[in-house]
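Read the structure below first, then the notes.
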Amino acid sequence: MTSPERPTLKTICAMTGLSVATVSNALRGSEKVRPETRALVEEAAAKIGYSANLTGLQLRTGKSYQIAAVMAAPPPETDEWEGVEYTQLLSGVSKALEGTPYRLALYAVADQAEGLALIKRLVDRREADGIILSGTRPEDARVGWLQARGFPFVTYGTTEAHGDHPFVDADNAGIMGTAVARLADRGHRRIALVNPPDHMSWAVTRRRAWAAAMQAAGLAADPALVRAGVLTPGFGAEAVASLSRMADPPTAYLCANEAAALGALSGFARAGMVHGRDAVINATDDLNVSAYFVPPLTTFFLPISRPARLLGAFMLGRLEDQPVSQLQRLLMPDLIERSDDILRPDPGAF
């Protein structure tokens with residue numbers, strides 16, 4: 001006589017008609033679940049003798065119940081701030097996983113090659129059930145390999161060469177279109193772009209959108225107005241130093257993050273420039289640090305908690321086989337105008 005199969009989360013799902021995430025949340029007492037739903041799940045669990053023991057779940061299902069976040073970390077010799085750290089991103093993802101059996105593990109890698117080798121190991125050894133990737137490239141070998149294996153993943157950033165896949169990203173094209181049109185409307189004709197390294201997907205998107213927006217405003221999309229590099233304060237200062245020496249220098253600088261914007265402000269001081277008189281700086285923020293710069297800068301503000309929680313939610317959705325089309329989101333930041341960014345002989349007259 002064969003013994004009956006041991007009950008699993010899916011057994012309770014079949015009994016109640018609820019999703020795996022809802023059942024898991026209910027069994028863990030999550031406040032996300034309504035009391036009547038929690039009572040229904042607990043009654044079903046008691047009826048079949050289910051016990052939510054993680055080790056047992058792993059043995060019964062063959063799952064690791066681990067979500068691997070594979071993210072590039074700056075080398076140990078890097079001392080400069082580069083904007084949002086992955087710790088802030090992971091905090092939001094972890095929040096989205098609360099009340100489920102899944103736990104988040106960070107795997108910091110030096111580059112794409114190391115990241116791909118790690119991903120192959122995680123998948124082949126069944127050390128993760130899903131993977132979250134950051135630092136995407138237009139043609140990303142990590143994404144292509146995961147697609148070929150049919151393994152669940154979500155990217156923080158888009159790609160161009162790999163068809164549809166789950167992703168969360170800022171609306172970089174929308175940011176550039178809005179920023180350039182706004183500055184052009186305020187009389188700026190030479191608008192510089194302080195951009196991420198050229199191999200990054202969001203760098204490509206921003207550069208293309210900047211050029212399109214400049215042309216739409218009737219302005220020359222001069223490639224000499226673009227500087228690309230690792231977005232540290234030092235790079236922002238260097239960008240201003242080189243651009244301000246041009247025969248026809250920019251009067252506006254679009255900085256891709258707060259760290260570069262901070263450096264650009266320092267570059268203004270070193271060059272004897274005054275913000276609002278000689279040129280202005282706009283930034284893209286995740287933590288709202290630029291609100292405390294002197295002067296505070298006009299900013300496209302997207303709190304890091306928004307994409308982070310979506311990454312976690314989309315990862316759970318992928319594990320439940322939700323359609324990819326429902327797991328793709330571009331987030332448009334809020335425009336925070338801290339000055340009108342019109343150049344004046346007296347920059348205090350805003």
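For the pair Leu133 and Leu146, the minimum side-chain heavy-atom distance is below 4.5 Å. Annotation: side chain of Asp124 is in contact with side chain of Arg149 (closest heavy-atom distance under 4.5 Å).
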Test ring pair (Phe, Tyr, Trp, His ring centres under 6.0 Å) on Tyr253 and Phe268; report intermediate values, then the result.
CA-CA 11 Å; Tyr253 293 78; Phe268 273 34; 5.6 Å; yes
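Across all non-hydrogen atoms, the minimal contact from Pro250 to Ala279 is O-CB, 4.0 Å. Closest heavy-atom contact between Val93 and Ala308: CG2-O, 3.3 Å. Taking every heavy atom of both residues into account, Gly92 and Arg309 meet most closely at O-CG, 3.6 Å. The two residues Ala256 and Arg206 make their nearest non-hydrogen contact at CA-NH1, 3.7 Å. Residues Leu97 and Gly312 come closest through the heavy atom pair CD2-O, 4.1 Å. Minimum interatomic distance between Ile12 and Ile48 (heavy atoms only, all atoms of both residues): CG1-CD1, 3.8 Å.
Here the side chain of Arg186 pairs a donor or acceptor atom with the backbone of Arg182 at under 3.5 angstrom. Put simply, the side chain of Ser19 gets close to the backbone of Thr22: a donor and an acceptor are under 3.5 Å apart. Distance alone, capped at 3.5 Å, places no donor-acceptor pair between the Asp185 side chain and the Leu183 backbone. In this structure, the side chain of His188 engages the main chain of Asp341 through a donor-acceptor pair within 3.5 Å. Side chain of Glu320 to main chain of Ala21: a donor-acceptor pair is present (N/O by atom type, distance under 3.5 Å, no hydrogens or angles). When atom types are taken as modelled, the side chain of Asn195 and the backbone of Ala203 share a donor-acceptor pair closer than 3.5 angstrom. Between the side chain of Thr178 and the main chain of Ile175, no donor-acceptor pair closer than 3.5 Å is present. In this structure a side-chain-to-backbone donor-acceptor pair under 3.5 Å is present from Ser201 to Arg137. Listed for the Arg190 side chain is no donor-acceptor partner under 3.5 Å among the backbone atoms of Ala252. No side-chain donor-acceptor contact under 3.5 Å links Gln328 to the backbone of Pro166.
For the residue pair Arg126 and Ser64, no side-chain donor N or O sits within less than 3.5 Å of a side-chain acceptor on the partner. In the model, Thr159 has no side-chain atom that pairs as donor or acceptor with a side-chain atom of Asp140 under 3.5 Å. For the residue pair Thr251 and Arg189, no side-chain donor N or O sits within less than 3.5 Å of a side-chain acceptor on the partner.
In this structure, Leu335 CG and Thr298 OG1 are separated by 7.0 Å, a value rounded to the nearest 0.5 Å. Rounded to the nearest 0.5 Å, atoms CZ (Phe153) and CG (Leu319) are 12.5 Å apart.
Contact check on Lys63 versus Glu127 returns no salt bridge, with no Lys/Arg side-chain nitrogen under 4.0 Å from an Asp/Glu carboxylate oxygen. Between Glu160 and Arg208, at least one side-chain nitrogen of the basic residue sits less than 4.0 Å from a carboxylate oxygen of the acidic one, meeting the salt-bridge criterion.
With sequence neighbours left out, the salt bridge (charged side-chain N to carboxylate O under 4.0 Å, His left out) criterion links Asp164 to no other residue.
Taken together through direct or relayed side-chain contacts under 4.5 Å among Ile, Leu, Val, Met, Phe, Trp and Tyr, Met273 and Leu343 form part of one hydrophobic cluster. Under the 4.5 Å side-chain heavy-atom criterion for grouping Ile, Leu, Val, Met, Phe, Trp and Tyr, Met315 is connected to Ile304 within one hydrophobic cluster. In this structure, Phe167 is not a member of the same hydrophobic cluster as Leu89, with clusters built from ILVMFWY side-chain heavy atoms closer than 4.5 Å.
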